[in-house]
Structure formats: C-alpha cells, structure tokens
Amino acid sequence: MKPFIADILEKALNNYLFLDPESAQRLRALQGKTVRIELSGLAFNLQIQFIDSKIVVLDRDNVEPDTIIKGSPFSLLHVAFARE
C-alpha cells in the first residue's frame, strides 16, 4: 500500500475510534498485535498494528501478523455491522 494511502486510512480510523470514549481501553488489550486483512477478489491486503491505543496502518507487509482476516468486502462489512 502506498504510504499516503496508509496515512489517510490511519487518520480516518483513529478519528473514528476517537468518537468512542471506550475504544482506547479496548485497544489496550491488542497492544503490539498485528492484523492482516485480505480482501478477496480485489488483491488488496492491509496490515495494521495496535500501538498506544491507536491503529497504525503499515505501508508494507513485512511484519508477521498475529491473525489474518480474509473475506470479500461485502462479507466483512456484513460481519462488522452484525448485531450478534
């Protein structure tokens, strides 16, 4: 991912998290963890780390992820907005 896209995405995610006062406490449990998100059908991968109760979007996939989330954009959005 190009650095300027990673920077924009990182700022957007952290601004969104700032709206929820409890997010910082929830993110502490993920401190130092790396998640890789693979969107099938788009050949798009995103790697994020949780540092100091914030999300850091990595511009390279050079860190071994602690977990990988795979799926189509539609299926991942469905899971994200599911109430259960």
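Keep in mind that this is a model prediction, so the values were computed, not measured. FYI, side chains are in, hydrogens and waters are out, and symmetry mates aren't considered; it's all heavy atoms of this structure.
Listed by chain and residue number, nothing satisfies the side-chain hydrogen bond (donor to acceptor under 3.5 Å, both in side chains) test with Arg28 (two or more places apart in sequence, or in another chain). Every side-chain hydrogen bond (donor to acceptor under 3.5 Å, both in side chains) that Ser75 has, sequence neighbours left out, goes to Ser72. Scanning for side-chain hydrogen bond (donor to acceptor under 3.5 Å, both in side chains) contacts around Ser40 gives an empty result, with sequence neighbours left out. Annotation: side-chain hydrogen bond (donor to acceptor under 3.5 Å, both in side chains) contacts of Glu22 (sequence neighbours excluded): Arg26. Residues forming a side chain to side chain contact (heavy atoms under 4.5 Å, CB included) with Asp52 (at least two apart in sequence, or on another chain): Gln31. Legend: residues meeting side chain to side chain contact (heavy atoms under 4.5 Å, CB included) with Ile8, ordered by chain and number and at least two apart, are absent.
Rounded to the nearest 0.5 Å, atoms CG (Asp66) and CZ (Arg36) are 13.0 Å apart. We find the CD1-NZ distance between Ile48 and Lys54 to be 15.0 Å, quoted to the nearest 0.5 Å. Atoms CD1 and CG, on Ile5 and Leu46 in that order, are 11.0 Å from each other to the nearest 0.5 Å.
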Check step by step if side-chain contact (heavy atoms from CB on, under 4.5 Å) holds for Leu39 and Asn45. CA-CA 6 Å; Leu39 297 178; Asn45 298 324; over 6 Å; no

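Looking only at side-chain heavy atoms (C-beta outward), Lys70 and Ile68 come within less than 4.5 Å of each other. Inter-residue side-chain proximity for Glu64 and Thr34 is flagged as unmet; no heavy-atom pair is nearer than 4.5 Å.
Under a hydrophobic-cluster definition in which Ile, Leu, Val, Met, Phe, Trp and Tyr are linked whenever side-chain heavy atoms come within less than 4.5 Å, directly or via other members, Leu58 and Ile51 are assigned to the same cluster. Under the 4.5 Å side-chain heavy-atom criterion for Ile, Leu, Val, Met, Phe, Trp and Tyr, Val57 and Leu42 are members of the same hydrophobic cluster.
Between the side chain of Gln47 and the main chain of Val35, no donor-acceptor pair closer than 3.5 Å is present.
Sorted pairs that involve residues 41-51 and meet salt bridge (charged side-chain N to carboxylate O under 4.0 Å, His left out), not counting sequence neighbours, are lacking altogether.
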Taking only distance into account, with no hydrogens and no angle test, what donor-acceptor pairs under 3.5 Å do side-chain atoms of residues 11-18 form with protein atoms, sequence neighbours excluded?
| unit_1 | atom_1 | unit_2 | atom_2 | d |
| --- | --- | --- | --- | --- |
| Lys11 | NZ | Asp7 | OD2 | 3.4 |
| Asn14 | OD1 | Ile55 | N | 2.8 |
| Asn14 | ND2 | Glu10 | O | 3.0 |
| Asn14 | ND2 | Ile55 | O | 2.8 |
| Asn15 | ND2 | Lys11 | O | 3.2 |

